K.L.:
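First the structure, then my questions, so here it is.
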Amino acid sequence: MTRILTRRTPQVARERLEYEGVHPLLARLYAARGIARAAELDTALSALLDPSLLKGAAEAATLLADAIAAKRRLLIVADYDCDGATACAVGVRALSAFGADVSYLVPNRFDYGYGLTPEVVRLAAERKPDVIITVDNGIASVEGVAEAKRLGIATLVTDHHLPGDELPAAECIVNPNQPGCGFPSKSIAGVGVMFYVMLALRAELRRRGAFNAAPEPNLAALLDLVALGTVADVVKLDRNNRILVAQGLARIRQGRMQPGLRALFRVAGRESERASTFDLGFALGPRLNAAGRLADMSLGIECLVTDDLGQALNIAQQLDQLNRERRSIETDMQDQALAFLDTIDATERASLSLYDPAWHQGVVGILASRVKDKLHRPVIAFARGSAGELKGSGRSIAGLHLRDALDLVSKRAPGLLLRFGGHAAAAGLTLREEDLGDFEALFEEVVRGLVSPADLTRTLETDGPLEAGRMTLESARLLEGEIWGQGFPAPLFSDEFDVDKQRILKDRHLKLTLRKGAARFEAIQFNFAGSVPATVHAAYRLAVNEFNGISSVQLVLEHMEPA
């Protein structure tokens with residue numbers, strides 16, 4: 001069952017925004033998302049939060065400036081997703097511009113697991129670094145940092161994940177979610193944290209006179225990478241994150257981007273001049289992530305750090321092929337999972353733990369997300385790891401903080417989880433294969449104690465009806481140009497329509513002609529092969545449909561039911 005709700009739009013805020021010059025449609029939408037004044041929509045770089053507010057940033061800047069002055073070797077240890085890849089690329093590009101001796105290492109996730117483990121540190125030590133810099137990981141790497149210290153390697157941890165009970169004994173930690181950090185944007189992505197550290201480093205180098213005889217590097221040139229990593233990591237788009245994304249998208253639309261992004265837009269068949277958050281999250285991000293899921297994320301990082309467009313295009317084509325393989329694997333896994341779900345009554349469960357020995361470890365997170373979206377239950381999908389272990393990747397619903405739920409499982413059954421970590425919406429864990437049954441039962445028990453029946457009912461929050469006069473190509477283009485994402489959702493409208501025509505495309509998509517009063521609209525619902533009644537209540541978004549060089553407005557249906 002799906003409930004369709006309408007967001008409340010404060011009339012005073014809406015009228016004030018219109019009075020202050022905001023387009024009437026945008027004023028309505030922004031007011032419903034908590035915006036009260038036009039000044040809150042300012043995305044100028046000058047409106048960014050100051051790096052001095054981020055605990056550890058100044059100390060990190062001192063550590064790095066000292067290392068650059070002493071010509072010490074810096075090694076970035078990256079995570080294997082898009083956020084980690086972009087954070088690594090920001091670090092490599094900025095530190096190189098500052099004159100640092102910097103390289104990077106991204107361990108194979110299947111051999112070394114997640115984070116700065118002791119094994120990863122020993123692998124890194126072969127490069128003889130003086131300082132290890134983690135990006136998008138490290139806050140839980142207590143043993144790895146201890147191993148680095150034993151080997152005489154200093155560690156700078158930059159991360160945004162939630163810390164555990166014990167912090168690693170690093171020389172410096174920069175993480176807005178660490179105890180005692182007052183940085184207001186707790187949702188900043190790993191790439192955003194690294195960007196802030198580079199801002200602090202530039203300020204420190206400026207104070208030391210490093211740019212007296214040389215031009216100062218323009219870190220704004222890296223905002224395309226920051227925007228990509230921020231959107232792809234699905235962090236909440238608070239105001240500070242919206243500024244970072246807006247600035248990055250502006251540069252992309254102007255053609256001022258890294259060769260790697262230019263190449264990724266080309267292989268994805270997307271127009272960078274009209275780049276949107278949708279392009280970053282659903283076209284570029286998955287192609288980079290495919291490298292970490294199926295192969296080696298160093299391929300993705302190389303795409304982002306090269307200045308050679310030809311090389312970037314070659315790598316982007318490899319990433320595109322990996323993404324096609326990922327989609328094929330995912331489809332097979334999803335078919336297997338859905339076949340299993342047909343044998344049980346999922347409505348009687350508060351959670352789902354899924355496993356098949358043939359499943360690919362790099363794709364179980366996507367599978368969990370797909371099943372979660374379909375059934376509106378927290379889902380953990382498992383694949384075989386090594387030495388009798390299972391690696392699980394979970395996705396959660398709004399009513400359940402997944403990492404906290406796993407923490408409760410670990411407290412009720414010490415030793416059941418060998419490792420776990422993550423945040424509210426997504427988390428990962430490792431357990432012994434023989435313990436899967438015990439975990440499934442305990443996880444179900446924990447989830448039942450934390451969620452209410454209402455939490456397990458899918459809710460679509462919409463912006464209500466849209467006047468037929470606003471359902472135009474111009475409106476679709478207007479909305480396409482704004483910054484939407486997690487915590488600041490893209491507009492979703494709901495209305496009743498008469499169905500004039502309907503047909504199935506490619507055996508899986510429903511194409512319709514809908515009528516509202518005297519106005520008719522072309523519409524599509526993807527992955528829907530059934531038929532619909534003569535009158536429907538639909539939740540939809542406005543989209544631009546490009547066909548044979550002609551642009552038109554199209555309604556993309558997210559949900560439909562009899563009126």
Side-chain angles (χ1 to χ4, degrees), residues 4-48 185 187 223 227 230-231 234-254 271 273-282 460-495 516 519 521 523 538-546 551-558:
I4 299 180
L5 303 179
T6 301
R7 292 185 183 90
R8 178 178 165 272
T9 304
Q11 189 64 24
V12 172
R14 175 180 178 174
E15 291 175 353
R16 183 187 293 121
L17 288 170
E18 284 193 46
Y19 176 76
E20 292 177 345
V22 178
H23 187 285
L25 176 56
L26 293 179
R28 166 188 166 186
L29 298 171
Y30 282 140
R33 286 154 180 77
I35 301 296
R37 305 298 297 258
E40 298 173 47
L41 300 171
D42 181 11
T43 56
L45 278 175
S46 58
L48 274 178
S185 180
S187 300
L223 283 166
T230 298
V231 172
V234 202
V235 294
K236 180 182 178 182
L237 290 190
D238 58 21
R239 186 184 178 194
N240 207 61
N241 280 338
R242 290 203 309 277
I243 293 171
L244 293 171
V245 173
Q247 287 288 329
L249 276 175
R251 297 187 70 87
I252 291 169
R253 290 167 183 164
Q254 294 161 7
E271 298 177 20
E273 297 83 358
R274 289 175 43 203
S276 67
T277 51
F278 182 89
D279 293 316
L280 300 183
F282 294 95
L460 268 183
E461 199 171 20
T462 78
D463 293 289
L466 183 63
E467 306 92 324
R470 293 277 189 208
M471 298 166 70
T472 63
L473 179 61
E474 291 71 27
S475 293
R477 292 244 193 256
L478 177 71
L479 300 181
E480 187 182 64
E482 299 301 301
I483 305 301
W484 314 105
Q486 183 71 17
F488 205 79
L492 185 69
F493 304 100
S494 60
D495 237 321
K516 182 180 179 181
F521 305 96
Y540 62 94
R541 55 185 174 86
L542 295 185
V544 178
N545 184 40
E546 307 277 2
S551 300
S552 60
V553 66
Q554 179 175 249
L555 312 187
V556 177
L557 308 185
E558 301 288 337

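These figures come from a predicted structure and were not determined experimentally.
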K.L.:
Please report the closest heavy-atom contact between Ala44 and Ile243, naming both atoms and the distance.
P.N.:
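Where Ala44 meets Ile243 most closely, the heavy atoms are O-CG2, 3.7 Å.
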K.L.:
For Arg33 and Leu29, indicate whether the former's side chain and the latter's backbone hold a donor-acceptor pair under 3.5 Å.
P.N.:
yes
K.L.:
How long is the straight-line distance from CG of Asn545 back to OG of Ser552, given to the nearest 0.5 Å?
P.N.:
4.5 Å
K.L.:
Is there a donor-acceptor contact under 3.5 Å from the side chain of Glu20 to the main chain of Ala38?
P.N.:
yes
K.L.:
Could you please spell out the steps behind the side-chain contact (heavy atoms from CB on, under 4.5 Å) verdict for Val544 and Glu480?
P.N.:
CA-CA 8 Å; Val544 178; Glu480 187 182 64; 4.0 Å; yes
K.L.:
Just by modelled atom types, is the Ser276 backbone N or O under 3.5 Å from a matching donor or acceptor in the Asp279 side chain?
P.N.:
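Indeed, once roles are kept as given, a pair shorter than 3.5 Å links the two residues.
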K.L.:
Just wondering, more than 12 heavy atoms not from Lys236 lying within 6.0 Å of its NZ?
P.N.:
no
K.L.:
Do Leu478 and His23 touch side chain to side chain, with heavy atoms closer than 4.5 Å?
P.N.:
yes
K.L.:
Considering all heavy atoms of both residues, which atom of Ala539 and which atom of Leu492 are nearest to each other, and what is their separation?
P.N.:
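In this case the closest contact between Ala539 and Leu492 is C-CD1, 4.1 Å.
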K.L.:
Less than 4.5 Å apart, any side-chain heavy atom of Tyr540 and any of Glu558?
P.N.:
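Sidechains of Glu558 and Tyr540: no contact.
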K.L.:
Between Arg239 and Asp42, which heavy-atom pair has the shortest distance, and what is it?
P.N.:
NH2-O, 3.3 Å
K.L.:
Is the closest side-chain heavy-atom distance between Val245 and Leu237 below 4.5 Å?
P.N.:
yes
K.L.:
Could you check whether any side-chain heavy atom of Glu482 comes within less than 4.5 Å of a side-chain heavy atom of Leu26, counting everything from C-beta outward?
P.N.:
yes
K.L.:
Taking atom CG of Leu17 and atom CZ of Arg37, what is their separation to the nearest 0.5 Å?
P.N.:
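CZ of Arg37 is found 8.5 Å from CG of Leu17.
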K.L.:
Side chains of residues 464-473: which donor-acceptor pairs under 3.5 Å do they make with residues two or more places apart or in other chains?
P.N.:
residue, atom, partner, partner atom, Å
Thr472, OG1, Ser475, N, 3.1
Thr472, OG1, Ser475, OG, 3.2

K.L.:
So which of Arg14, Arg8, Arg7 actually passes salt bridge (charged side-chain N to carboxylate O under 4.0 Å, His left out) with Asp463?
P.N.:
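Result for salt bridge (charged side-chain N to carboxylate O under 4.0 Å, His left out) with Asp463: Arg7.
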K.L.:
With the side chain counted from C-beta on, respond yes when Val22 and Ile35 share a heavy-atom pair under 4.5 Å apart, and no when they do not.
P.N.:
no
K.L.:
Answer whether the closest heavy-atom distance between the side chains of Val556 and Leu542 falls below 4.5 Å.
P.N.:
no
K.L.:
Does NZ or CZ of Arg541 fall inside the cone over Phe493's six-membered ring, less than 6.0 Å from its centre and within 45° of the axis?
P.N.:
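Not flagged: Arg541 not positioned over aromatic ring of Phe493.
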K.L.:
Write down the atom of Ile252, the atom of Ala275, and the distance for their closest heavy-atom approach.
P.N.:
CG2-CB, 3.7 Å
K.L.:
Could you walk me through whether Thr230 and Leu280 satisfy the side-chain contact (heavy atoms from CB on, under 4.5 Å) test, starting with their C-alpha distance in whole Å, then the side-chain angles of each, then the deciding distance to 0.1 Å, before giving a yes or no?
P.N.:
CA-CA 9 Å; Thr230 298; Leu280 300 183; over 6 Å; no
K.L.:
List the steps, then state whether side-chain hydrogen bond (donor to acceptor under 3.5 Å, both in side chains) holds for Ser185 with Asp238.
P.N.:
CA-CA 7 Å; Ser185 180; Asp238 58 21; 2.7 Å; yes
K.L.:
Going by atom types alone, do Glu40 and Tyr30 pair a side-chain donor with an acceptor below 3.5 Å?
P.N.:
no
K.L.:
Kindly give the heavy-atom pair with the smallest separation between Thr9 and Ala31, and that separation in Å.
P.N.:
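The answer is CG2-CB, 4.0 Å.
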K.L.:
Does Phe521 have any ring pair (Phe, Tyr, Trp, His ring centres under 6.0 Å) partners at least two apart in sequence or in another chain, and if so, which?
P.N.:
none
K.L.:
Looking only at side chains, do Ser551 and Arg477 share a donor and an acceptor under 3.5 Å apart?
P.N.:
yes
K.L.:
Stepwise, does the side-chain contact (heavy atoms from CB on, under 4.5 Å) test hold for Gln11 with Arg28?
P.N.:
CA-CA 8 Å; Gln11 189 64 24; Arg28 166 188 166 186; over 6 Å; no
K.L.:
Using a 4.5 Å cut-off on heavy atoms from C-beta on, say whether the side chain of Val235 contacts that of Gln486.
P.N.:
no
K.L.:
Nearest 0.5 Å, what's the OG1-CG distance between Thr6 and Leu460?
P.N.:
11.0 Å
K.L.:
Would you check if the side chain of Asn241 reaches a backbone N or O of Ser187 as a donor-acceptor pair within less than 3.5 Å?
P.N.:
yes
K.L.:
Does any part of the side chain of Leu479, heavy atoms only, come nearer than 4.5 Å to the side chain of Leu25, both counted from C-beta?
P.N.:
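Contact flag for Leu25/Leu479 side chains = yes.
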K.L.:
Show your reasoning for whether side-chain contact (heavy atoms from CB on, under 4.5 Å) applies to Thr43 and Ile483.
P.N.:
CA-CA 10 Å; Thr43 56; Ile483 305 301; 5.6 Å; no
K.L.:
What closest approach, in Å, do Thr277 and Trp484 show between heavy atoms, and which atom pair accounts for it?
P.N.:
OG1-O, 3.2 Å
